[in-house]
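Quick notes on the structure that follows.
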Number of protein chains: 2
Amino acid sequence: MRLGVSPDTFPPRGHEAKRLSIVDAAAGVFCREGFAGANIDLIAAEAGVSRQTVYNHHGDKEKLFIAVVRDLTERCNAGIFATIATFPDQPGNIEADLIGFAVRLNQNCICNRDGKFLRKLIQTEGERYPELFAEWREQGPGRTWPALAARFARLAYGGYLVIEDPDVAARQFLGLVNAELQTTFMLGGTPSESEVVQSATNGVRTFLRAFGKRPAPAGVKKQATLANA
Amino acid sequence: MRLGVSPDTFPPRGHEAKRLSIVDAAAGVFCREGFAGANIDLIAAEAGVSRQTVYNHHGDKEKLFIAVVRDLTERCNAGIFATIATFPDQPGNIEADLIGFAVRLNQNCICNRDGKFLRKLIQTEGERYPELFAEWREQGPGRTWPALAARFARLAYGGYLVIEDPDVAARQFLGLVNAELQTTFMLGGTPSESEVVQSATNGVRTFLRAFGKRPAPAGVKKQATLANA
DNA sequence: ACAAATTTAGACAGCCTTGTCCAAATCGTC
DNA sequence: GACGATTTGGACAAGGCTGTCTAAATTTGT
């Protein structure tokens, strides 16, 4: 829709550019101050436009807020699907490949600007706009989680993992690779890259202890290969 | 301090009662509306007192907010420690016992009113009061996570689990048993009891696949006992 | 029942915010 | 260079909120 083809009856190119910069600035201010605390003058200033222009483009504060959430949802979803497309379907080294995937997911979708903002807006104002966030839920987790589960199912079918319920496994994968980042997320912080890698590494190792095929067929002491840390 | 002994020079009994009802009402309003959107008149109305009484007790809006967060932190911490005290140190049936513990933790500390409110306030306003929430971090996760890790270490020492790093295991335990509740939490909802049990059951099963001692000493097909769901 | 402390209701000033209006300035295009 | 659309800045009304003040009503302890 946004990336559609040449709407030739388009107003000046700067028009759309301003719309974008307003939505961007608004996202930041809504996140920092909350809906009630967000100040249109401040949004206009941060967007580098006049207050009147904000009203020209978006009508009122509530419509602007809705535009912000829709924009973020759209961008985040695109990012998540692009990242899921890099899922290792035929891993050479399943541990390393899953860790790489988890790190990409975190860095490109969860810890980046859009991801942080969308998450915070959902947490903060989710109850105020039930239908808007129901829409997010359908378009977001409702579509991305099954997509991820399908990838894990394929990995199981290929003999790389032993999984009964791919949906549960997918959710637990996310829970595990983010287990060490919860406190940072809570406070709105951005984990350092090494924290992300650390959490992903620990998470994937545990995930594979639960769902991975045992490397040694039989006889060998089972935990010995892992427990020598 | 609050639970100290007999402050005999205490004003009327209703004084402290009113203070409590104000803080309680304020917690609800701050959560629903955010700090900026919270209305002192509304808080007073919900607390069943006059606006002036709110100011008499707490000075101004910011002090009231701080009192709310401190109160919630204190109560939640108490609840978490009380629940950790029920950790199964010598489990008869480790799966059932850990599931029970996870359910208690969720119901008594995370899904209850105080837990929901504290979580939302931290997410919403954490960046606005760095020192206040740093305090929460020290008193909360900083104390409860190690306490939980110590219990898991004891379980490993007792031969019930195989764990290298108890801190990591504790965080992953929490991540796993809450894996299926994330979306609900995001939107501020309260999961039903069956959802909590379901998530805890799946989480504990996976946790034990990763860290549990294999039930059959040797020879038997390893996943067979678990994979027949 | 009395005295002290607390609570209440209402009014009030000061401030901030939203959303509108308008004339002048600017921009993009032909 | 000229024209039309867009943007700008400033003024403006209407409304909401915080925090203070006061005198009257109520509660509490003795």
Side-chain angles (χ1 to χ4, degrees), chain A residues 6-69 121 124-125 128-129, chain B residues 2 5-69 121 124-125 128-129:
Chain A
S6 64
D8 54 351
T9 328
F10 235 69
R13 204 60 74 236
H15 192 69
E16 188 66 2
K18 277 195 197 308
R19 186 197 163 277
L20 238 288
S21 87
I22 291 170
V23 171
D24 256 33
V29 175
F30 278 133
C31 282
R32 278 208 313 278
E33 317 288 344
F35 180 83
N39 181 317
I40 303 269
D41 284 11
L42 183 56
I43 291 172
E46 290 199 12
V49 301
S50 74
R51 177 176 59 240
Q52 186 58 42
T53 300
V54 176
Y55 283 105
N56 287 345
H57 277 268
H58 293 99
D60 66 15
K61 194 178 181 180
E62 186 164 320
K63 290 203 191 75
L64 172 58
F65 178 78
I66 289 172
V68 166
V69 175
L121 289 184
T124 304
E125 313 290 344
R128 193 187 309 280
Y129 300 90
Chain B
R2 169 148 313 109
V5 281
S6 65
D8 54 350
T9 328
F10 234 70
R13 203 63 74 233
H15 194 67
E16 188 66 1
K18 278 196 197 304
R19 186 197 163 277
L20 240 287
S21 86
I22 291 170
V23 171
D24 256 32
V29 175
F30 279 132
C31 282
R32 276 208 316 277
E33 317 287 344
F35 180 83
N39 181 314
I40 302 268
D41 283 11
L42 183 57
I43 292 172
E46 289 198 11
V49 303
S50 74
R51 179 177 56 242
Q52 186 59 41
T53 299
V54 176
Y55 284 103
N56 287 345
H57 277 268
H58 293 100
D60 64 17
K61 194 179 180 179
E62 186 165 321
K63 293 205 189 71
L64 173 58
F65 178 78
I66 290 172
V68 166
V69 175
L121 290 184
T124 304
E125 313 290 345
R128 194 187 309 279
Y129 300 89

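Here is how names work: the chains are called A, B, and so on, in the same order as the sequence lines, proteins then strands, and each is numbered from 1. Treat the numbers as computed from the prediction; the structure is a model and nothing was measured.
Within the structure, salt bridge (Lys or Arg N to Asp or Glu O under 4.0 Å) pairs that include any residue of residues 34-43 of chain B comprise D41(B)-R51(B) (at least two apart or interchain). For residues 42-61 of chain A, the pairs satisfying ring pair (Phe, Tyr, Trp, His ring centres under 6.0 Å) are H15(A)-H57(A), with sequence neighbours left out.
Between Q52(A) atom CD and I40(A) atom CD1 the span is 11.5 Å, to the nearest 0.5 Å. Between the CZ atom in R19(B) and the CG atom in L64(B) there is a gap of 9.0 Å [rounded to 0.5 Å].
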Name every donor-acceptor pair, under 3.5 Å, that has one atom in a side chain of residues 28-37 of chain A and the other anywhere in the protein, sequence neighbours excluded.
from   : atom 1 : to     : atom 2 : distance (Å)
R32(A) : NH2    : E46(A) : OE2    : 2.9

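Side-chain atoms of T124(A) never come within 3.5 Å of backbone atoms of T124(B) as a donor-acceptor pair (strictly under, hydrogens ignored).
Separating the CD atom of E16(A) from the C1' atom of dG28(C) is a distance of 16 Å, rounded to the nearest angstrom. Counting to the nearest Å, the P atom of dT6(D) and the CD1 atom of I22(A) are 14 Å from each other. In this structure, D60(A) places its CG atom 11 Å from P of dT18(C), rounding to the nearest Å. Atom-to-atom, CZ of R19(B) to C1' of dT7(C) comes out at 17 Å; the value is rounded to the nearest Å. The separation between F65(A) atom CZ and dT18(C) atom P is 14 Å, rounded to whole Å. A straight line from CD of E62(B) to C1' of dC17(D) spans 16 Å, rounded to a whole angstrom.
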So which protein N/O to nucleotides 20-27 of chain C N/O distances come out below 3.5 Å?
from    : atom 1 : to     : atom 2 : distance (Å)
dC21(C) : N4     : Q52(A) : OE1    : 2.7

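In plain terms, the two heavy atoms of V54(B) and A44(B) that are nearest each other are CG2-CB, 3.8 Å. The nearest pair of heavy atoms linking S21(B) to A47(B) is OG-O, 3.3 Å. When all heavy atoms are compared, the tightest approach of I43(B) to I22(B) is CG2-O, 4.1 Å.
Not one side-chain nitrogen or oxygen of T53(B) sits closer than 4.0 Å to the OP1 or OP2 atom of dT7(C). For H57(A) and dT7(D), the shortest distance from a side-chain N or O to OP1 or OP2 is below 4.0 Å.
Across all strands, H58(A) comes closer than 4.0 Å to no nucleic acid atom at all (heavy-atom distances).
Each end of the helix from dA1(C)-dT30(D) to dC30(C)-dG1(D) gets its own rotation axis from five pairs of C1' atoms, and the angle between them is 40° to the nearest 10 degrees.
A heavy atom closer than 4.0 Å to some atom of DNA chain C occurs in A38(A), N39(A), I40(A), these being the qualifying members of residues 33-50 of chain A.
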